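We're numbering straight along the sequence, starting at 1. Quick caveat: nothing in here was measured; it's all calculated off a predicted structure.
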Amino acid sequence: MANIVIVGAQWGDEGKGKIVDLLTRYADIVVRFQGGNNAGHTIVLKGEKFVFHLIPSGILYENKQCVIGSGVVVDPAVLIEEVNELKKRGHLKDDSQLMVSEEAHLILPYHRRIDIARDRVFKIGTTGRGIGPAYEDKVARYGIRMVDLMDEEVFRKKLKANLLQKNAYLSEVLKEEGFELSEIFDEFLRFKKQLEKYVRNTSLILYDEIQKGKHILFEGAQGALLDLDHGTYPYVTASNTVAGNACAGSGIGPTVIDSVIGVAKAYTTRVGEGPFPTELKDQVGEKLREKGGEYGATTGRPRRCGWFDAVVVNHAIRINGIREVAITKLDVLNDFDKVKICVGYRVNGKILHHVPSHLDLLESSEPVYEELEGWRREVKGAKKISELPTQAQRYLKRIEELTNVKIAMVSVGSERNETIEVKNPFSKD
């Protein structure tokens, strides 16, 4: 048995979907444990592009089970759309392949309206998908869960109570229109009929499967620097993105986790507002964006781009307990004469080697770079690290030295087979 957690080691968009897809061949079950449809995991399979917002990336393997855990907030309309799209494209032929936790909380229409309206006042770069307001209701203990939707009377009672306060808040504070009970109730009853076959006590199922010795792969969304507690608050997401939340968001205990793998791009990107020390607002940054196709899978927003930041990745390693790193998009750096790695931040004349919690300090940080030779050659086709250009090997080696963790995988292209697998994380060797 081996149970592995995959997390983002930067600000999200690191290519976790591809790494999860690759590692699913060794796993029996893939579990998404937090976030909502503000995440977008992209996979390219035989030239065909798939983007998943809620369903775990392992769904493209017919013999694997995928679980949406209790820590995820679920927009039923988005989930149904993903299911239908998968079936239309010849996947998810067996409905038993997908399970949704009965304890997962629902995103309702008022969550989305509140999210968009509030971001006009206090801009943090939200996707407007209602993720934050749904988590707020969860913490305030008047959230509505999937198990509530399965009981019409319970759902009606909770929805009616919530609309009393939501409509007052929308109209009196945000100056937005409220909702009629019937418009949400009727729509969600249609959702219930389409989703009830997937709703299960997934915590119990996962426990039983772990006891049988099955391999579980836990898939996180977003990245470590967007964690609610340990990210660049308040420019963060509304959930804990760190590996520790794989347990709470799946309903399993911490003693069953064997290892944590962090995924990091060979450079750095960020979507939305917030500090970004290595951001490049010049032609180099634009070149990274265009060559890397750095546009949000969920929103289409252009991502901010910059050089690899070892300070950020070391922060992620510390708070997640990362043991190995997967480096993605190495091929994007093919055409650069020089490549840089940030090894520290210069703040008020001092060099910091950690991410400061005080945002003003982070905003004023000047990155301290090491410059390395670029390789000016195509890396696609390489099956071993030794087949990469010498300069690319040196770049990866320097990342290992600066982070003090080994690289387990290197992505050299978008396709599944364009990946160097240094080590199988599920192997005990």
Side-chain angles (χ1 to χ4, degrees), residues 7-14 122-126 222-238 240-244 262-289 292 294 301-322 325 327 333 336 338-374 394-405:
V7 292
Q10 295 160 319
W11 275 284
D13 309 306
E14 299 96 347
F122 180 50
K123 193 166 183 61
I124 60 171
T126 175
Q222 289 92 30
L225 275 292
L226 292 177
D227 183 85
L228 184 59
D229 288 305
H230 307 290
T232 50
Y233 189 89
Y235 302 102
V236 294
T237 194
N240 287 109
T241 63
V242 291
V263 183
K265 278 178 184 164
Y267 49 102
T268 312
T269 63
R270 176 166 196 166
V271 172
E273 305 296 322
F276 182 4
T278 66
E279 182 176 10
L280 298 168
K281 300 179 181 180
D282 56 12
Q283 291 182 339
V284 175
E286 184 61 32
K287 184 177 179 179
L288 285 171
R289 182 180 300 112
E294 296 297 350
R301 289 183 295 181
R303 296 180 185 135
R304 301 154 65 189
C305 298
W307 294 119
F308 187 89
D309 190 335
V311 181
V312 159
V313 174
N314 278 326
H315 178 84
I317 289 168
R318 174 171 55 82
I319 64 176
N320 285 285
I322 290 170
V325 173
I327 298 295
L333 299 181
F336 289 87
K338 303 285 185 181
V339 289
K340 295 181 181 181
I341 298 176
C342 174
V343 297
Y345 300 150
R346 184 175 286 105
V347 182
N348 298 329
K350 296 181 179 179
I351 304 296
L352 300 182
H353 295 284
H354 68 275
V355 177
S357 300
H358 198 304
L359 279 198
D360 287 347
L361 290 180
L362 190 57
E363 285 278 14
S364 63
S365 294
E366 178 189 345
V368 178
Y369 287 118
E370 283 188 9
E371 187 174 84
L372 291 83
E373 291 293 324
R394 198 170 292 139
Y395 183 72
L396 296 174
K397 183 65 176 176
R398 188 59 183 140
I399 289 174
E400 285 188 329
E401 291 169 351
L402 289 167
T403 59
N404 201 31
V405 295

Check whether any side-chain N or O of [X] sits under 3.5 Å from a backbone N or O of [Y] as a donor-acceptor pair, and report yes or no.
X    : Y    : answer
H230 : H315 : no
N314 : L402 : yes
D227 : T241 : yes
Y345 : V311 : no
R289 : R304 : no
Q10  : K265 : yes

Chi angles and distances behind the side-chain contact (heavy atoms from CB on, under 4.5 Å) call for Y369, K338: CA-CA 12 Å; Y369 287 118; K338 303 285 185 181; over 6 Å; no

Apply side chain to side chain donor-acceptor pair (under 3.5 Å) to Q283 and list each qualifying residue two or more places apart in sequence or on a separate chain.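 Scan of Q283 (side chain to side chain donor-acceptor pair (under 3.5 Å), adjacent residues dropped) gives none.
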
Determine whether R394 and K397 satisfy the following criterion, side-chain contact (heavy atoms from CB on, under 4.5 Å), listing intermediate values before the conclusion. CA-CA 5 Å; R394 198 170 292 139; K397 183 65 176 176; 5.5 Å; no

Considering all heavy atoms of both residues, which atom of [X] and which atom of [Y] are nearest to each other, and what is their separation?
X    : Y    : result
A224 : N320 : CB-ND2, 3.6 Å
W307 : T268 : O-OG1, 2.8 Å
L288 : G306 : CD1-O, 3.9 Å
I351 : G344 : CG2-CA, 4.5 Å
T269 : C305 : CG2-SG, 3.9 Å
P367 : C342 : CB-SG, 3.8 Å

Can you establish whether the number of heavy atoms outside D282 located under 6.0 Å from its atom CG is more than 12?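 Atom CG in D282 is packed in, count exceeds 12.
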
Apply the test side-chain contact (heavy atoms from CB on, under 4.5 Å) to residues F336 and V284: give CA-CA distance (whole Å), side-chain angles for both, the deciding distance (0.1 Å), then the verdict. CA-CA 9 Å; F336 289 87; V284 175; 3.8 Å; yes

Is the shortest side-chain N to carboxylate O distance from E370 to K340 below 4.0 Å?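 Looking at E370 and K340, the cut-off is not met.
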
Assess whether side-chain contact (heavy atoms from CB on, under 4.5 Å) is satisfied between T278 and F308, documenting all intermediate values. CA-CA 8 Å; T278 66; F308 187 89; over 6 Å; no

Who pairs with F276 by ring pair (Phe, Tyr, Trp, His ring centres under 6.0 Å), at least two apart in sequence or on another chain? W11

Under the side-chain contact (heavy atoms from CB on, under 4.5 Å) rule, collect the residues that match up with P275, sequence neighbours excluded. T232, Y235, R270, L359, L362, E363

